[in-house]
Amino acid sequence: MVAILVSVAAALYFSGSKEQAVAVLAKDEIVILRTPGGMLEVSTLIRNEVFQWSTEYTCLPLDCGKLFGKTISEVRVPVHYTYRIPLAAQWSLKRVGQHFELAAPTPQPKLPAAIDVKKLEIRTDKAWFSPDKTEHRESVIRNIGPEFDRRAQQQKYLDAQRDDAKKTVAEFAQKWMLAQGVATNLRGYPIRVSFPDDPRPQ
């Protein structure tokens, strides 16, 4: 009698069943992250830069720089270097053991670099017969931007922002997995990001 009552109660309580697929990312399986167009800003590097510029007369075959002197300016200014990754590409996300590996494009600087003009300082020294300060300073201003754009692409600048950029990309990938319902049971796994220009381990 008890068994019959339990069966009847179970039949009334469990009125139906629900079936659905469980999203699982198997080991070594690769998932393609299809990202929308545009750019993902991954890091900003702020540096207090120093830039020097000199102007001198030329009068071959003499060395006019030594003869009449040079007009030299030193510029000091904070520069914000922002690095971005294109989102109109496919990124591959791969499970390896207890973590994911994500290969992403190399961050590229957003040009022109952002100069904090409010904090710009220029000091100019002029010799007794060196070129005029006014024209010299105009030349300085024209060349500040190109110089900092060149520095933004140097390897030491790219290396300085590398770790922060990887953290941003990993956070983006985690949000993408959550939104797309990918590997819901593996969301606690860390994501290790790599760029094509990463230094090779020794």
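- Here NZ of Lys166 is found 14.5 Å from CD of Glu171. Values are rounded to the nearest 0.5 Å.
- By the 6.0 Å and 45° rule, Arg162 does not stack over the aromatic ring of Phe195.
- The cluster map of Ile, Leu, Val, Met, Phe, Trp and Tyr, joined by side-chain heavy atoms under 4.5 Å apart, puts Val42 and Leu45 in the same cluster.
- Here Phe51 contributes atom CZ and Leu120 contributes atom CG; the two are 11.0 Å apart, rounded to the nearest 0.5 Å.
- Using modelled atom types, one side-chain atom of Thr168 and one backbone atom of Asp164 make a donor-acceptor pair closer than 3.5 Å.
- The nearest pair of heavy atoms linking His99 to Tyr189 is N-CD2, 3.9 Å.
- Taking hydrophobic clusters as Ile, Leu, Val, Met, Phe, Trp and Tyr residues chained together by side-chain heavy-atom distances below 4.5 Å, Ile85 does not share a cluster with Leu111.
- For the pair Arg151 and Glu147, the salt-bridge criterion is met [side-chain N within less than 4.0 Å of a carboxylate O].
- Taking 4.5 Å as the limit, some side-chain heavy atom of Leu87 sits within range of a side-chain heavy atom of Phe172.
- Using a distance-only test at 3.5 Å, with no hydrogens or angles considered, a donor-acceptor pair links the side chain of Tyr83 to the main chain of Ala152.
- Gln153 places a side-chain N or O within donor-acceptor distance of the main-chain N or O of Asp149, the cut-off being under 3.5 Å.
- Under the 4.5 Å side-chain heavy-atom criterion for ILVMFWY residues, a single connected hydrophobic cluster contains both Phe100 and Leu40.
- Around the CD atom of Glu135, the shell of radius 6.0 Å holds no more than 12 heavy atoms that belong to other residues, nucleotides or ligands.
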Pair Tyr81-Glu49, side-chain contact (heavy atoms from CB on, under 4.5 Å): steps then yes or no | CA-CA 11 Å; Tyr81 299 100; Glu49 296 284 17; 2.7 Å; yes
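- By the 4.5 Å heavy-atom criterion applied to side chains, Glu74 and Val50 are counted as neighbours.
- Taking the side chain as every heavy atom from C-beta outward, Leu93 and Met177 approach each other to under 4.5 Å.
- With values rounded to the nearest 0.5 angstrom, Asn143 atom CG is found 11.5 Å from Arg150 atom CZ.
- Residue pairs meeting the side-chain hydrogen bond (donor to acceptor under 3.5 Å, both in side chains) criterion with at least one partner in residues 105-122, sequence neighbours excluded, do not occur; the list is empty.
- With rounding to the nearest 0.5 angstrom, the CZ atom of Arg137 is 5.5 Å from the CD1 atom of Ile122.
- The shortest side-chain heavy-atom distance between Thr82 and Met39 does not fall under the 4.5 Å cut-off.
- A 4.5 Å side-chain heavy-atom check between Ile46 and His80 finds at least one atom pair inside the cut-off.
- The two residues Pro196 and Ala104 come nearest to each other via the heavy atoms CD-O, 3.2 Å.
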